[in-house]
Amino acid sequence: MVTDPVLLQTAADLFPNGISRYAVGGLLVGLGTVLIYIGTGIPAGASTFLESTLSYVSDQSRFQQYVGSRDWRVVFTAGIILGGLAFAATFQSGLVTSSLYEPGTTGQLYEVAGVTLWMTEVQPWRLFLGGILVGIGTRIGKGCTSGHGVCGVGSASKTSLIGVVTFLTVAIGTAQVVAALGVSP
């Protein structure tokens, strides 16, 4: 079977920075999800972190359902944060190089005491507002994009399939409207 070169070129045009970085990232996320499920029996997802953490200080039944897994969820969330910091300190700062990532393309590099650091160009109020909206969305959608997108779709959950199609459609539409209004990071 020969693949249509026009179809391949169209697919390649969707990834102007190349497809390998996305393929490697997706492979690592998928591998991590499988390892977490095999090791704990819990689908990986971060949206229950706040509720599970509140189980340490609240006796309300809503939060107590997470007592058995709350320690694991804290470690999982800390791993997400530390992984992001490690990536920023190595690849984004240019300390470690790879053909899969060009340092400093999504923010600014600056020097502090001989150490190269990376900082996003997105204003803090936008990050804060985005975080609040994502938090509200994950509660309404009964899960986060990664939980539904990776674990839910991977397990053929109808709820997750509908959720992923819904939030991708809304996100793409919102991004197009915002870009048309001239808003940029």
Side-chain angles (χ1 to χ4, degrees), residues 22 24-93 106-108 112 115 117-178 183 185:
Y22 305 107
V24 169
L27 188 66
L28 291 174
V29 168
L31 179 62
T33 300
V34 168
L35 289 176
I36 288 169
Y37 191 76
I38 289 172
T40 65
I42 300 173
S47 62
T48 54
F49 170 71
L50 179 60
E51 287 179 287
S52 65
T53 302
L54 289 174
S55 71
Y56 286 109
V57 295
S58 173
D59 291 333
Q60 290 190 11
S61 61
R62 175 187 175 99
F63 305 129
Q64 294 306 308
Q65 65 182 317
Y66 299 106
V67 167
S69 63
R70 66 185 179 189
D71 294 339
W72 174 87
R73 292 177 192 279
V74 168
V75 171
F76 179 68
T77 304
I80 292 171
I81 294 168
L82 292 174
L85 290 173
F87 184 79
T90 55
F91 286 97
Q92 284 184 323
S93 70
T106 58
Q108 292 182 337
V112 175
V115 177
L117 299 174
W118 174 88
M119 178 180 272
T120 181
E121 294 173 346
V122 178
Q123 297 93 346
W125 71 268
R126 287 183 177 182
L127 296 172
F128 181 77
L129 179 62
I132 296 294
L133 292 174
V134 167
I136 292 170
T138 58
R139 291 297 80 208
I140 292 172
K142 305 276 189 218
C144 61
T145 53
S146 61
H148 280 300
V150 176
C151 299
V153 170
S155 61
S157 163
K158 290 179 184 173
T159 302
S160 292
L161 290 168
I162 292 169
V164 168
V165 169
T166 302
F167 62 67
L168 280 178
T169 302
V170 171
I172 291 169
T174 301
Q176 294 300 317
V177 168
V178 169
V183 178

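Owing to the predicted nature of the structure, the values given are computational and were not obtained by experimental measurement.
The closest donor-acceptor contact from the side chain of Ser52 to the backbone of Phe49 lies under 3.5 Å. Not a single donor-acceptor pair under 3.5 Å links the side chain of Gln92 to the backbone N or O of Met119.
From Phe167, atom CZ reaches atom OG1 of Thr174 across 13.0 Å, with rounding to the nearest 0.5 Å. The distance from atom CD of Glu121 to atom CD of Gln123, rounded to the nearest 0.5 Å, is 9.5 Å. To the nearest 0.5 Å, atoms OH (Tyr66) and OG (Ser55) are separated by 9.5 Å. To the nearest 0.5 angstrom, Thr48 atom OG1 is 7.0 Å from Arg139 atom CZ.
Sorted by first and then second residue, the salt bridge (Lys or Arg N to Asp or Glu O under 4.0 Å) pairs involving residues 24-37 (not counting sequence neighbours) form an empty list. Every pair tested for salt bridge (Lys or Arg N to Asp or Glu O under 4.0 Å) that includes a residue from residues 28-37 fails, sequence neighbours excluded, so the list is empty.
Across all non-hydrogen atoms, the minimal contact from Ser58 to Phe63 is OG-CD1, 3.4 Å. Residues Val164 and Gly149 share a closest heavy-atom pair of CG2-CA, 3.6 Å.
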Distance-only donor-acceptor hits, side chain of residues 151-161, under 3.5 Å, sequence neighbours excluded:
from	atom 1	to	atom 2	distance (Å)
Ser155	OG	Cys151	O	3.0
Ser155	OG	Gly152	O	3.1
Ser157	OG	Thr159	N	3.4
Ser157	OG	Ser160	N	3.2
Ser160	OG	His148	ND1	2.8

Considering only distance and modelled atom types, tabulate donor-acceptor pairs under 3.5 Å from the side chains of residues 79-89, sequence neighbours left out.
none

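Here the side chains of Val67 and Arg70 are in contact, with some heavy-atom distance below 4.5 Å. In this structure the side chain of Thr120 reaches within 4.5 angstrom of the side chain of Leu127, judged on heavy atoms. In this structure, the side chains of Arg73 and Ile42 come closer than 4.5 Å at one or more pairs of heavy atoms. Taking the side chain as every heavy atom from C-beta outward, Val183 and Arg126 approach each other to under 4.5 Å.
Remark: Thr33 pairs with no residue by the side chain to side chain donor-acceptor pair (under 3.5 Å) rule, at least two apart or across chains. With sequence neighbours excluded, the residues that form a ring-ring contact (aromatic ring centres under 6.0 Å, His included) with Phe76 are Trp72.
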